[in-house]
Amino acid sequence: MGTDHHPSTGLALGYARVSTTKQHLERQLDALSAEGIADERIYVDKKSGATVEREGLAALLAYARPGDRIVVHTLDRLGRNLREVLNLVHDLNEKNIGVRSLADPLPINTADEGMGRIAFLLLALFAEMERTFTAERAAHARAVAETAGRRIGRPMAHPADKVDYARLLKGQGASLGEISTKTGIPKTSLHRYLQDGA
């Protein structure tokens with residue numbers, strides 16, 4: 001998918017991304033096709049959102065010209081986090097390249113000077129608020145659990161007495177290698193346990 005030749009301006013260009021190999025692109029591709037976007041004008045990435053290299057997005061951005069519009073199923077497909085999405089949409093707007101989402105709670109169309117822009121700003125605000133609320137809920141859950149004497153985070157894969165022994169050895173100045181040999185706990189786990197206990 002995707003093409004090198006740009007026959008005219010004002011094209012609708014599709015972009016679809018899934019973040020894991022277990023996810024499927026079909027729903028996004030079907031939605032883009034339903035908008036009349038030809039397969040050769042749909043760019044695809046199928047890899048982790050944490051991966052910096054997104055060849056499909058890079059090719060799309062290199063191909064897009066002023067007057068074109070990038071269409072996505074939802075706005076989050078364009079970036080790994082809210083800030084990245086906002087920056088990309090802003091940069092595209094500066095180049096007179098529009099962005100339109102199809103399935104967001106408030107569908108975005110930056111070509112619409114009025115409601116599209118307001119919807120985009122509201123979506124950004126709601127996403128930022130949700131991030132704050134999620135952090136607050138996590139902090140509250142930690143505080144409640146600590147008050148009740150429960151440990152927060154992943155369960156320990158190694159017995160508590162071995163972890164305590166590892167912390168004792170660390171306090172005596174032993175190296176990670178020495179501690180690993182004496183306790184049988186791998187260095188990667190030791191690093192986490194010793195940091196947690198710091």
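Of all the heavy atoms in Ala16 and Gln28, the pair that sits closest is CA-OE1, 3.3 Å. Residues Ile37 and Gly14 come closest through the heavy atom pair CG2-N, 3.8 Å. Across all non-hydrogen atoms, the minimal contact from Arg54 to Leu78 is NH1-O, 3.3 Å. Ile185 and Leu190 get closest at one heavy-atom pair: O-CD1, 3.6 Å. For the residue pair Ala31 and Leu102, the shortest heavy atom distance occurs at O-CD1, 3.8 Å. What you find for Leu25 and Lys46 is that their closest heavy atoms are CD1-CD, 4.2 Å.
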For this session: Before giving the answer on side-chain hydrogen bond (donor to acceptor under 3.5 Å, both in side chains), spell out for Ser33 and Asp30 the whole-Å C-alpha distance, their side-chain angles and the decisive distance to 0.1 Å.
Result: CA-CA 5 Å; Ser33 294; Asp30 288 347; 5.6 Å; no

For this session: Report the C-alpha separation of Ile42 and Leu29 in whole Å, then their side-chain angles, then the decisive distance to 0.1 Å, and conclude whether the side chain to side chain contact (heavy atoms under 4.5 Å, CB included) test is met.
Result: CA-CA 8 Å; Ile42 297 176; Leu29 296 176; 3.7 Å; yes

Problem set entry | Audit row: Lys187, Glu178, salt bridge (Lys or Arg N to Asp or Glu O under 4.0 Å) steps and yes/no | CA-CA 10 Å; Lys187 287 184 186 179; Glu178 291 169 339; over 6 Å; no

For this session: Assess whether side chain to side chain contact (heavy atoms under 4.5 Å, CB included) is satisfied between Tyr15 and Asp45, documenting all intermediate values.
Result: CA-CA 8 Å; Tyr15 178 67; Asp45 279 315; 2.7 Å; yes

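In this structure, the side chains of Leu169 and Lys182 come closer than 4.5 Å at one or more pairs of heavy atoms.
Considering CD of Glu40 and CG of Leu13, their distance stands at 11.0 Å, rounded to 0.5 Å. Separating the CZ atom in Arg142 from the CZ atom in Arg137 is a distance of 12.5 Å, to the nearest 0.5 Å. Interatomic distance, Ile97 CD1 to Leu88 CG, rounded to the nearest 0.5 Å: 9.5 Å. From His90, atom NE2 reaches atom CG of Leu92 across 10.5 Å, with rounding to the nearest 0.5 Å.
Between the side chain of Ser180 and the backbone N or O of Leu176, no donor-acceptor pair lies under 3.5 Å. A donor-acceptor pair is defined here as one N or O able to donate and one able to accept, closer than 3.5 Å; such a pair exists between the side chain of Asp104 and the backbone of Leu75. At least one donor-acceptor pair closer than 3.5 Å links the side chain of Lys162 to the backbone N or O of Thr183. Using modelled atom types, one side-chain atom of Arg17 and one backbone atom of Gly79 make a donor-acceptor pair closer than 3.5 Å. In this structure, the side chain of Thr110 does not engage the main chain of Gly98 through any donor-acceptor pair within 3.5 Å. Asp68 contributes a side-chain N or O that, together with a main-chain N or O of Leu11, makes up a donor-acceptor pair within less than 3.5 Å.
Using a 4.0 Å cut-off between charged nitrogen and carboxylate oxygen, Glu35 and Arg41 do not count as a salt-bridge pair.
Tested against Ser101 for a side-chain contact (heavy atoms from CB on, under 4.5 Å), the candidates Val72, Ile70, Val71 yield a single pass: Val72.
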